[in-house]
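Everything below concerns the one structure shown next.
Every value quoted in this text rests on a predicted model; they were computed, and no experiment measured them. Letters go in sequence order (proteins before strands), and every chain restarts at 1.
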There are 2 protein chains.
Amino acid sequence: MTAAGKHQVSRSSGRRLGRAGIRDVAAAAGVSITTVSDALNGKGRLPDATRRHVREVADRLGYRPSAAARTLRTGKSGLIGLTVTTYGEEPFTFTEFAYFADMVRAATSTALARGYALVILPAPARQRTVDVWSNVALDGTVVIDPADHDPVVTELVQQGIPVVSDGRPADSLPVTAWVDNDHEAAVTHLLDHLAESGARRIGLLTGTSTDTYTRLSTTAYLRWCERVGQDPVYEAYPAHDPRQGAVAADRLLARPDRPDAVYGLFDPNGTDLLAAARRYGLRVPEDLLLVCCSESTVYAATEPPITTLSLKPGRIGTTVVQLLIDAIEGEDSGPFAEAGDSATTGDPRQQIMPTDLIVRTSSQRRTRRTTVSAPRAPSGDD
Amino acid sequence: MTAAGKHQVSRSSGRRLGRAGIRDVAAAAGVSITTVSDALNGKGRLPDATRRHVREVADRLGYRPSAAARTLRTGKSGLIGLTVTTYGEEPFTFTEFAYFADMVRAATSTALARGYALVILPAPARQRTVDVWSNVALDGTVVIDPADHDPVVTELVQQGIPVVSDGRPADSLPVTAWVDNDHEAAVTHLLDHLAESGARRIGLLTGTSTDTYTRLSTTAYLRWCERVGQDPVYEAYPAHDPRQGAVAADRLLARPDRPDAVYGLFDPNGTDLLAAARRYGLRVPEDLLLVCCSESTVYAATEPPITTLSLKPGRIGTTVVQLLIDAIEGEDSGPFAEAGDSATTGDPRQQIMPTDLIVRTSSQRRTRRTTVSAPRAPSGDD
DNA sequence: GTGAAAGCGCTAACAA
DNA sequence: TTGTTAGCGCTTTCAC
């Protein structure tokens with residue numbers, strides 16, 4: 001007495017509350033649900049007529065496939081997690097700097113272009129956050145600037161979910177791949193540029209946190225100083241607090257061994273330093289050369305325009321997502337390929353992206369004040 | 001001869017590929033899957049000992065519940081969509097302005113605090129984007145600045161998915177609720193402030209797009225002009241193109257009826273106008289009063305510091321998400337409560353948020369140059 | 001070419 | 001108190 005056979009029929013006649021289901025479409029189109037599924041997904045070898053017919057009916061009924069059901073069945077959600085480390089008390093502050101904004105925009109565009117959506121997730125700081133993580137089915141995750149022993153990364157990788165990081169991870173972190181700038185090269189190049197512009201003593205405005213960016217940049221600075229035989233002159237401050245930047249800039253220029261050029265590691269440092277210079281009556285670039293790392297366009301319009309180091313976050317965002325999706329779709333060797341399971345898990349792929357030094361007035365010693373008083377040049381960039 | 005009974009058992013003994021399932025936990029803990037589910041979700045009335053035991057086993061097995069299955073079963077995904085209108089060619093540019101950055105950060109934090117995650121989705125511009133939309137199960141959606149006849153919004157609402165917008169929608173758009181600033185009041189107040197500071201002819205730098213913000217602000221300006229009997233002096237430009245701002249600012253100050261005060265509707269307009277003023281040899285605020293709408297902190301450090309109108313995007317983001325989640329959880333009257341169904345569906349809720357005029361040097365006529373550099377003596381009246 | 005049936009992993013009635 | 005069972009809506013072999 002196999003009652004099983006009746007299931008589909010009886011279900012089909014049941015009241016659909018809101019949305020139409022695949023069964024309703026099948027019934028209305030006079031075909032089976034298999035045909036509907038195939039027609040809508042372009043699978044199988046149905047005659048075009050059937051395909052068209054089914055699509056019409058589906059449209060008429062306002063049929064929307066259930067993402068949840070599809071995900072459950074296929075194991076793919078089309079969702080990519082995006083997370084950032086915590087700065088200070090804020091859950092995360094990735095939008096605080098133009099860098100993250102740009103990076104996220106590019107990442108989102110790339111993901112969408114490949115049929116994925118980004119889910120913003122919190123860094124694993126408190127307890128709560130874990131809940132959210134396990135409440136969403138992720139095909140993969142982008143981690144921005146992962147902490148040295150990020151538990152979420154470890155667990156995701158253990159579960160076989162690809163993780164790609166923006167910023168090179170600590171050795172202990174087994175990410176699938178990572179993308180980063182060559183921070184050492186960038187800083188070195190920039191310091192050389194300042195030296196060429198006549199800087200004798202270059203100062204650094206850096207951060208107190210231990211993230212890779214800060215660490216690598218600072219190290220590169222120290223190494224450069226050593227190489228050229230200059231005493232390091234730097235001030236560090238908690239970069240997550242925007243107010244502290246101004247204070248630190250002030251400290252730096254108040255020092256007895258005041259630098260005649262400064263590189264600021266963080267986005268707002270340009271204005272911080274410019275304001276500090278004004279307070280001390282220092283002219284830029286005559287008395288003080290300035291460079292800061294920023295993606296903001298405001299530095300093209302400051303007085304004077306400030307030279308910036310761009311990390312090209314857009315390119316990083318794009319690359320990170322490409323790598324991730326490649327990993328997701330690549331390792332999809334089918335649910336039955338458990339033979340040579342963890343065999344091909346080699347070293348994580350890593351990609352170094354170029355930076356871009358945008359030279360403006362603030363870092364050019366021998367300048368004829370090409371700032372703004374000049375007649376007209378709306379395009380601006382000098 | 002019910003063979004059905006054997007399914008669970010046989011399934012349970014089947015090879016679990018990667019992750020442990022609820023059945024494995026049940027088997028390992030020596031209980032049924034119901035008990036596991038209840039224990040892990042805090043439901044049912046199990047003795048604490050059982051609950052603890054199950055949790056331990058689950059932990060030991062590294063059990064993670066399947067979000068997809070939960071979603072399919074419960075109909076709730078814990079996911080909230082976040083979308084923005086398209087600017088120009090970019091899929092979306094919400095990160096381009098500090099406004100969106102702040103708004104999104106606050107929205108994300110609020111959502112996470114209530115156990116939801118945000119999914120970034122494209123505005124329904126091209127065909128492709130629709131795919132992504134229907135590939136993710138959303139409990140609700142936040143729409144930033146919805147287009148007048150946004151098809152996605154209409155469809156979502158039709159499907160019974162709550163939609164809350166940042167920015168008031170056109171009458172035809174049936175959103176669940178919306179949050180917006182009182183743009184008219186803000187602009188009026190700001191113009192009054194400029195007039196009080198001595199402005200005789202206030203100009204406007206506005207946009208060519210037809211979004212609500214631009215429209216309301218411009219209207220308020222025109223109405224104000226009418227009230228005080230001033231001829232409107234404004235230039236409009238495509239706000240999505242950052243370069244155009246500088247050009248438009250230039251145009252505005254080049255006019256024969258040059259204004260002696262300007263309000264710029266968009267974030268970069270402050271620097272745009274400042275640069276233009278410099279080009280024309282206009283001193284700020286002596287010859288030209290300046291205000292722009294911006295969330296950026298750079299205007300505290302420009303020379304001179306520029307008065308800004310803050311829309312308090314953080315508060316808007318928080319409110320939007322609160323409203324949305326309230327709607328999601330409120331209308332969850334259970335799948336069987338179809339009796340008084342659409343009864344309580346009243347008018348969409350709407351919330352007006354205050355703005356904040358941050359007065360700095362650029363809009364104060366009688367100032368003793370409180371900026372930084374000039375040691376100029378306080379010279380009383382203008 | 002088309003359809004029936006078997007679940008994906010979980011939750012919630014309902015039994016025991 | 002705990003276990004059994006019926007699906008959530010879809011994709012996908014495998015028969016026909």
Atom CG in B:Leu118, atom OG1 in B:Thr83: separation rounded to 0.5 Å? 11.0 Å
At under 4.0 Å between heavy atoms, what does A:Asn41 touch on the DNA or RNA strands: base, sugar-phosphate, or nothing? sugar-phosphate
Consider the side chain of A:Arg73, meaning its heavy atoms from C-beta on, and name the nucleotide among C:dC10, C:dG7, C:dG3 that approaches it most closely. C:dG7
Kindly say if B:Arg70 contacts the phosphate of C:dC10, meaning a side-chain N or O under 4.0 Å from OP1 or OP2. no
Between the main-chain N or O of B:Thr35 and the side-chain N or O of B:Asp38, is there a donor-acceptor pair closer than 3.5 Å? no
Partners of A:Glu56 by side chain to side chain donor-acceptor pair (under 3.5 Å), sequence neighbours excluded? none
Quick check for you: among D:dC10, C:dG9, D:dT4, whose closest atom lies nearest to any side-chain atom of A:Arg23? D:dC10
B:Lys76 NZ to A:Asn135 CG distance, which is reported to the nearest 0.5 Å: 13.0 Å
Could you state the atom-to-atom distance from NZ of A:Lys43 to P of C:dT2 in whole Å? 18 Å
Starting at NE2 of B:His53 and ending at C1' of D:dT2, how long is that distance when rounded to a whole Å? 14 Å
Out of C:dA12, D:dT12, C:dG1, which has the shortest distance to the side chain of A:Pro47? C:dG1
Considering only C:dG9, D:dT12, D:dG3, which nucleotide approaches the side chain of B:Ala69 most closely? C:dG9
In terms of the nearest nucleotide of DNA chain D, which residue is placed more toward the 5' end: A:Ala68 or B:Thr35? B:Thr35
State whether B:Ser32 places a side-chain N or O below 4.0 Å from either non-bridging phosphate oxygen (OP1 or OP2) of D:dG3. yes
Quick one: does B:Thr50 reach the base of D:dT2 with a side-chain donor-acceptor pair under 3.5 Å? no
Whole angstrom value for the distance that separates C1' of C:dG9 from CG of B:Leu40: 13 Å
Roughly how many Å is it from CD1 in B:Ile22 to P in D:dA6, rounded to a whole number? 18 Å
What nucleotide among C:dA12, C:dA4, D:dC8 has an atom nearest to a side-chain atom of B:Leu72? D:dC8
Length of the line joining A:Ile33:CD1 and C:dG7:P, which is rounded to integer Å: 15 Å
About how many Å separate CD of A:Gln351 and CG of A:Asp166, when rounded to the nearest 0.5 Å? 12.0 Å
Who pairs with B:Arg114 by side chain to side chain donor-acceptor pair (under 3.5 Å), at least two apart in sequence or on another chain? B:Gln322, B:Asp326, B:Glu329
Would you check, one step at a time, whether the test side-chain contact (heavy atoms from CB on, under 4.5 Å) holds for A:Val54 with A:Leu46? CA-CA 11 Å; A:Val54 169; A:Leu46 314 177; over 6 Å; no
Can you check whether A:Ile33's main-chain N or O pairs, donor with acceptor, with A:Arg23's side chain at less than 3.5 Å? no
Please state how far atom NZ in B:Lys76 lies from atom C1' in C:dC10, giving the value in whole angstrom units. 17 Å
With the side chain defined as heavy atoms from C-beta on, A:Thr74 is closest, among C:dG3, D:dT2, D:dT11, to D:dT11
So what does A:Thr71 touch, heavy atoms closer than 4.0 Å: a base, only the sugar-phosphate, or nothing? nothing
Between atom CG in A:Asp38 and atom P in D:dT11, what is the gap in whole Å? 9 Å
Ignoring backbone atoms, establish whether A:Ser37 has a side-chain N or O less than 4.0 Å from OP1 or OP2 of D:dT11. yes
Taking Watson-Crick and G-U wobble pairs with both distances under 3.5 Å, convert DNA chain D into its dot-bracket string, 5' to 3', dots for unpaired and | for cross-strand pairs. ||||||||||||||||
Starting at OH of B:Tyr63 and ending at C1' of C:dT11, how long is that distance when rounded to a whole Å? 10 Å
